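The model shown is predicted, which means the values in this text are computed figures rather than measured ones. Each chain gets a letter, A, B and so on, in the order its sequence line appears, and its residues count up from 1. All heavy atoms count here, side chains included; hydrogens, waters and symmetry mates do not.
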Amino acid sequence: MDSAEFHAAVYEAVRLIPLGKVTSYGHIAHLIGMPNHSRHVGQALKFADPGVNPPLPWQRVIGSSGAISSRGPGTNGAQRQREALEAEGVEVTVGRAGEFKVDMRIYGWFPDNVEILQPEDQDQVDGENSSSG
DNA sequence: AGGTTGACGTTAG
DNA sequence: TCTAACGCCAACC
């Protein structure tokens, strides 16, 4: 697994995220078979070209905690990600510290069987919110 | 070769 | 629910 292949695998997994849903860096890492490379998933997205085709829905990847990671005090990456998510219908809330958060119980997308995911089987993979609500 | 960084995750209190 | 601490691994200096 080279760096280029890692990036390609990350992009392929990220493109699987359905519209209006979000997942975590760790889950992308999990889907490509490298669960402990969660940090590098973000790194791969950072180096991704915004003009690639098919387009990369990078905005659908956030922290496992449901928070949009801050790229840094002087950057507006988090703000752009928030706008991109809201444009898809994902509701983003703002915490006290100005952090953007998404309710994973509603918009979370964490299937373990993406390889067998079919358009007609999507009804049986979103049972993550069975705990409450 | 060693120390620090980073679009993270999990566990403990 | 939120904060603090530890673990993780490649890139960078």
Residue-phosphate contact under 4.0 Å: A:Ser64 side-chain N/O, B:dT10 OP1/OP2: yes

Between CG of A:Leu45 and C1' of B:dG6 the distance, given in whole Å, is 13 Å

Could you tell me how far C:dC8 sits from B:dT5 if I compare only their C1' atoms? Round to whole Å. 13 Å

How close or far is atom C1' of B:dG6 from atom CZ of A:Arg39, stated in whole angstroms? 5 Å

Side chain of A:Trp58 only, please: which of B:dA7, B:dG6, C:dA11 is the nearest? B:dA7

Looking at A:His37 and C:dC9, is any side-chain donor or acceptor paired with a base atom of the opposite kind under 3.5 Å? no

B:dA7, C:dC9, C:dC2: which one has an atom nearest the side-chain heavy atoms of A:Lys101? C:dC2

Does A:Ser24 have a side-chain nitrogen or oxygen under 4.0 Å from the phosphate oxygens OP1 or OP2 of B:dG9? yes

To the nearest angstrom, how far is A:His7 atom NE2 from C:dC9 atom P? 17 Å

List the steps, then state whether side-chain hydrogen bond (donor to acceptor under 3.5 Å, both in side chains) holds for A:Gln59 with A:Arg82. CA-CA 8 Å; A:Gln59 68 275 18; A:Arg82 185 212 182 185; over 6 Å; no

Less than 4.5 Å apart, side chain to side chain, heavy atoms only: is that true for A:Pro18 and A:Trp109? yes

How many whole angstroms separate atom NE2 of A:His30 from atom C1' of C:dC8? 17 Å

To the nearest Å, how far apart are A:His40 NE2 and C:dC8 C1'? 8 Å

Heteroatom pairs (N/O) under 3.5 angstrom, protein to nucleotides 3-6 of chain C:
from	atom 1	to	atom 2	distance (Å)
C:dT3	OP1	A:Arg96	NH2	3.4

Does A:Glu88 pair with A:Lys21 as a salt bridge, N-O distance under 4.0 Å? no

Measure CG/A:Asn36 against P/B:dG6 and give the value in whole Å, please. 20 Å

Rounded to whole angstrom units, what separation is found between the CD1 atom of A:Ile28 and the P atom of C:dC8? 23 Å

Please check if atom CD in A:Glu91 has more than 12 non-hydrogen atoms from other residues, nucleotides or ligands closer than 6.0 Å. no

Hey, does A:Lys101 have a side-chain heavy atom less than 4.5 Å from the side chain of A:Ile62? no

Flag the pair A:Val61 / A:Val22 as yes when at least one side-chain heavy-atom distance between them is below 4.5 Å, and no otherwise. no

Within less than 4.0 Å of OP1 or OP2 of C:dC8, is there a side-chain N or O belonging to A:Ser38? no

Span that lies between the P atom of B:dA7 and that of C:dC6, in whole angstrom: 22 Å

Over all strands shown, is A:Gly77 touching base, sugar-phosphate only, or nothing at heavy-atom distances under 4.0 angstrom? nothing

I need the OH-P distance between A:Tyr11 and B:dA7, as an integer number of Å. 14 Å

Aromatic ring pairing A:Tyr11/A:His7, orientation class (parallel under 30°, perpendicular over 60°, tilted between): perpendicular

